[in-house]
Amino acid sequence: MSESKYQATPADGKEILRILESSAAKGSIELIYTRRPDAYESYMKESGEAYVFISRNGERAVGTCAEVIRDVYIGGEVCKSAYICGLKKDAEYDGGVGFGARFIRDLQRDDIDFYFCSVVAENTDARRMFEKSRRLLEMKQTVGYKTYILSPKVKVKAKKHSFVFRRATENDTDRLIVFLNSEGKKKDMFPVMKSFDEFYNLSVEDFYLLLDGESIVATAALWNQTEYKQYVVNRYGRIMKLARIFNPLLSAFRYVKLPKENEPLDFPMLAFFLSKDDNTDNYLIFLNEIKREVSKKYGMFVFGLPDSHFARPFADKLPSISFETKLYGIKFPWSEQTYKIPNPQKRFFECGLL
């Protein structure tokens, strides 16, 4: 029987969740990125316009995909991006993966300036499929991206300073949004910040400020999203199983302790992390201060950086669990639409929105 696809409804949430958890990303750590307790409702909590699709073979749900449309900055202008995510086939389904191309092919809209998706680097089968030029769909790798899982005990070499570091309050809302947009528009793919209400479970009080007098010189939020999307360690490979035996020692060396299998990780994202004019010293000062705030409640925190980000050289030296992702731009060859091309040296993909 041939596969069929349609836009998902709230009734499909459990089936979509089952498909998302049917297989894990391979590697020394098999990691499941999931959306418990209800995948459909989870997507609906994403900022922007969210659409969810499901594919069936007869009565059986065999594949799923989602699209999140957001306003972002590209070249200093407000543009629309479409993030194609959650593309997954039921691991127990032995049919083809053609539904994936059909999902994405049908998403083309004239008002979208840039389409993209992400693939874990170790998922070589998916990468080969995406990198192969197709008549109806062209996907080209645009940038690499690394996600870091860090202990708040991590040592950061930061300069002494006379700045004020504190938690934001309601009174900081307007100037914080001005700062995020003024610095964010210097990046390509930074989200346009209109109101914190657009982001589920995020408020101005989740942000922290590094202040030079009354001027913000760096900021980021501790954004806990585990209520509606989670990372779960499915299984450790042989080497990592051995490493877990030495979990108490990992803390002594400022590494995050390896979590238990099959339990969702509880952590905040270090989200919307900006330092004015990409000042490295202030970035490190802020990171050194914020990790102390993390340690009051959590045993880990997470943030991500593209290859070209100015902070990558020192972030790569931090003791962390990390994994690589490849981001792909999507083009529809039949369309006469002119796509925006983000500058490889200015790209900023917010980890909390991937």
Side-chain angles (χ1 to χ4, degrees), residues 43 46-51 53 65-87 100-119 121 126-127 129-147 177-195 198-199 271-274 277-278 304-312 324-354:
Y43 283 119
E46 292 287 348
S47 63
E49 301 174 56
Y51 302 93
F53 304 91
C65 178
E67 176 187 33
V68 182
I69 299 171
R70 300 185 177 102
D71 287 341
V72 299
Y73 291 108
I74 301 179
E77 299 178 353
V78 177
C79 301
K80 282 194 181 299
S81 72
Y83 177 42
I84 314 303
C85 54
L87 178 59
R102 288 198 296 276
F103 272 142
I104 299 173
R105 192 172 61 228
D106 292 345
L107 298 178
Q108 192 270 332
R109 274 173 36 176
D110 291 340
D111 63 333
I112 305 297
D113 298 294
F114 182 69
Y115 298 82
F116 71 104
C117 67
S118 60
V119 181
R127 288 178 58 198
M129 179 180 72
F130 288 162
E131 290 166 9
K132 183 179 180 181
S133 178
R134 294 179 180 271
R135 181 175 60 87
L136 296 177
L137 193 67
E138 292 182 0
M139 304 182 75
K140 184 178 180 180
Q141 181 180 323
T142 61
V143 69
Y145 193 88
K146 182 178 282 189
T147 301
I177 288 178
V178 168
F179 177 84
L180 290 167
N181 283 307
S182 63
E183 289 299 314
K185 73 188 306 180
K186 300 175 186 177
K187 316 288 184 184
D188 282 359
M189 301 304 294
F190 191 88
V192 176
M193 307 294 286
K194 300 172 186 174
S195 166
E198 294 180 294
F199 302 91
F272 310 107
F273 191 2
L274 292 174
D277 298 326
D278 287 350
L305 300 173
D307 289 342
S308 58
H309 195 279
F310 76 94
R312 273 294 292 266
E324 300 270 2
T325 304
K326 303 298 181 182
L327 299 177
Y328 290 81
I330 301 170
K331 291 185 178 181
F332 302 93
W334 71 85
S335 172
E336 297 181 358
Q337 179 180 359
T338 301
Y339 297 96
K340 297 283 187 179
I341 306 298
N343 185 327
Q345 301 306 312
K346 293 184 177 181
R347 287 175 185 168
F348 184 109
F349 291 88
E350 171 50 51
C351 193
L353 300 179
L354 292 178

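Hydrogens, waters and symmetry mates play no part in the numbers below; they use all other heavy atoms, side chains included. Just so we're clear, the structure is a prediction, and the values are computed from it rather than from any experiment.
For the ring-ring contact (aromatic ring centres under 6.0 Å, His included) test with Phe348, the passing option among Tyr145, Phe190, Tyr73 is Phe190; the others fail. When Phe114, Phe273, Tyr83, Phe116 are each tested for a ring-ring contact (aromatic ring centres under 6.0 Å, His included) with Phe349, only one passes: Phe116.
At a threshold of 4.5 Å between non-hydrogen side-chain atoms, the residues Leu353 and Pro191 count as touching. Put simply, the side chain of Lys80 reaches to within 4.5 Å of the side chain of Asp71, judged on heavy atoms. When side chains are defined from C-beta on, Met189 counts as touching Ile74, because their heavy atoms get closer than 4.5 Å.
Taking CD1 of Ile112 as the start and CG of Leu107 as the end, the distance is 9.5 Å to the nearest 0.5 Å. Atom CZ of Arg347 is separated from atom CG of Asp307 by 10.5 Å, given to the nearest 0.5 angstrom. Separation of atoms CG (Leu354) and OG1 (Thr325) is listed at 7.5 Å; rounding is to 0.5 Å.
Minimum interatomic distance between Phe179 and Ser182 (heavy atoms only, all atoms of both residues): O-OG, 3.0 Å. The minimum heavy-atom distance linking Ser308 with Pro344 is given by the pair OG-O, 2.6 Å. When every heavy atom of Tyr43 is checked against every heavy atom of Cys85, the shortest pair comes out as CE2-SG, 4.1 Å. Here the closest non-hydrogen pair linking Ile84 and Cys65 is CG2-SG, 3.7 Å. Taking each heavy atom of Leu274 and Gly184 in turn, the nearest pair found is CD1-N, 4.0 Å.
Residues passing the salt bridge (charged side-chain N to carboxylate O under 4.0 Å, His left out) test with Asp277, sequence neighbours excluded: Lys186. Scanning for side chain to side chain donor-acceptor pair (under 3.5 Å) contacts around Ser47 gives Arg70, with sequence neighbours left out.
Looking only at distances, no side-chain donor or acceptor of Tyr339 sits under 3.5 Å from a matching main-chain atom of Ile330. Remark: side-chain polar atoms of Asp188 are not paired, donor with acceptor, to backbone N or O of Lys346 under 3.5 angstrom.
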- Message: I'd like to know whether Gln108 forms a side chain to side chain donor-acceptor pair (under 3.5 Å) with Asp110, so could you lay out the CA-CA distance, the side-chain angles of the two residues, the decisive distance to 0.1 Å, and finally the verdict.
- Response: CA-CA 7 Å; Gln108 192 270 332; Asp110 291 340; 3.2 Å; yes
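Using a cut-off of 4.0 Å between Lys/Arg side-chain N and Asp/Glu carboxylate O, Glu67 and Arg109 are scored as not salt-bridged.
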